[in-house]
Amino acid sequence: MNNCIFCKIIDGDIPAEKIYEDDHVLAFLDIHPVNPGHTLIIPKNKNSQNIFDIELPDWEHMSRATHMLAGAITKALNADGINLRMNNREHAGQVVYHPHIHLIPRFKGDGLIDWKGNSYKEGEAQEVLSKIKNELKYV
Ligand code: 5GP
């Protein structure tokens with residue numbers, strides 16, 4: 001965790017195209033953009049890996065920056081929309097183990113393929129709902 005690539009960007013040890021920075025978060029262009037303007041927002045704290053262990057104040061700072069940057073990126077690039085995405089753990093596509101939100105501007109006809117919706121089997125939705133509700137900590 002301490003040697004992660006994003007920690008090096010925070011420390012200025014490797015370069016990045018920085019868009020926004022404050023005491024808590026840093027936003028910079030993804031080095032392999034899905035579309036031009038593809039941006040990553042990260043917390044400056046280096047004590048977490050993903051959504052499962054990030055502290056709530058860091059998450060709130062990321063959320064605030066995401067809200068601001070989503071509008072700015074979309075307007076600046078005349079995008080038709082924007083995707084917010086966060087990969088958490090290996091099988092959800094996480095490669096860099098420092099929390100990060102992807103902001104991906106979208107353009108009409110850009111051809112990016114999104115996931116396809118499925119259907120629930122009889123009773124499956126209620127079963128899933130019940131399992132999730134049992135785990136909720138804040139209700
Ligand atoms: P993940 O799959 O972990 O959600 O995404 C990691 C992202 O970090 C990828 O989209 C990748 O292109 C980006 N990335 C990896 N290394 C660097 C780097 O050194 N600089 C920048 N700007 N982006 C990086």
Side-chain angles (χ1 to χ4, degrees):
M1 186 164 34
N2 288 336
N3 211 23
C4 76
I5 197 94
F6 292 170
C7 299
K8 290 179 181 168
I9 289 176
I10 292 167
D11 290 340
D13 291 339
I14 63 167
E17 304 295 342
K18 295 180 185 175
I19 298 173
Y20 173 78
E21 182 169 13
D22 62 28
D23 289 345
H24 308 285
V25 303
L26 178 62
F28 52 93
L29 293 179
D30 194 297
I31 204 167
H32 297 303
V34 172
N35 267 335
H38 179 171
T39 297
L40 301 173
I41 299 181
I42 64 172
K44 284 189 171 175
N45 273 338
K46 300 170 185 165
N47 58 355
S48 63
Q49 300 193 348
N50 51 39
I51 192 68
F52 300 113
D53 62 350
I54 189 170
E55 291 177 6
L56 193 53
D58 280 334
W59 179 247
E60 289 169 343
H61 291 302
M62 286 175 74
S63 174
R64 192 173 297 117
T66 299
H67 185 263
M68 175 185 70
L69 285 163
I73 292 166
T74 304
K75 194 172 171 196
L77 301 179
N78 205 19
D80 297 305
I82 195 162
N83 287 129
L84 309 181
R85 176 167 172 160
M86 187 177 190
N87 300 326
N88 298 283
R89 294 186 182 158
E90 179 185 356
H91 296 289
Q94 186 172 13
V95 174
V96 177
Y97 279 76
H98 184 109
H100 52 283
I101 297 173
H102 296 254
L103 288 84
I104 302 171
R106 296 297 302 270
F107 301 89
K108 186 178 176 190
D110 65 15
L112 296 180
I113 297 165
D114 284 316
W115 47 59
K116 186 173 158 292
N118 291 308
S119 301
Y120 284 110
K121 297 187 205 99
E122 180 80 29
E124 190 185 1
Q126 291 70 28
E127 194 183 319
V128 168
L129 201 64
S130 166
K131 283 182 184 171
I132 296 170
K133 282 186 165 183
N134 283 339
E135 292 297 329
L136 286 180
K137 305 279 194 300
Y138 303 111
V139 291

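Atoms considered below: every heavy atom in the structure, side chains included; atoms not considered: hydrogens, waters and symmetry mates. We count ligands from 1, going down the list as the structure has it; atoms in each ligand are counted the same way.
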Side chain to side chain donor-acceptor pair (under 3.5 Å), that's the test. Do Asn50 and Gln94 meet it? Break it down for me. CA-CA 9 Å; Asn50 51 39; Gln94 186 172 13; 3.2 Å; yes

Report, as yes or no, whether the 6.0 Å neighbourhood of atom OH on Tyr120 holds more than 12 heavy atoms from other residues, nucleotides or ligands. no

Looking at Asp11 and Lys46, is any side-chain nitrogen of the basic one under 4.0 Å from a carboxylate oxygen of the acidic one? yes

The protein residues that pass the under-4.0 Å heavy-atom test against ligand 1 are Ile5, Phe6, Ile9, Ile14, Phe28, Leu29, Asp30, Ile31, His32, Leu40, Asn87, Gly93, Gln94, Val95, Val96, His100, His102

Do NZ/NE/NH1/NH2 and the carboxylate oxygens of Arg85 and Asp114 come within less than 4.0 Å? no

Are any side-chain N or O atoms of Thr39 and backbone N or O atoms of Gly37, one a donor and one an acceptor, separated by less than 3.5 Å? yes

If the condition is side chain to side chain contact (heavy atoms under 4.5 Å, CB included), which residues does Glu60 pass it with, not counting sequence neighbours? Leu56

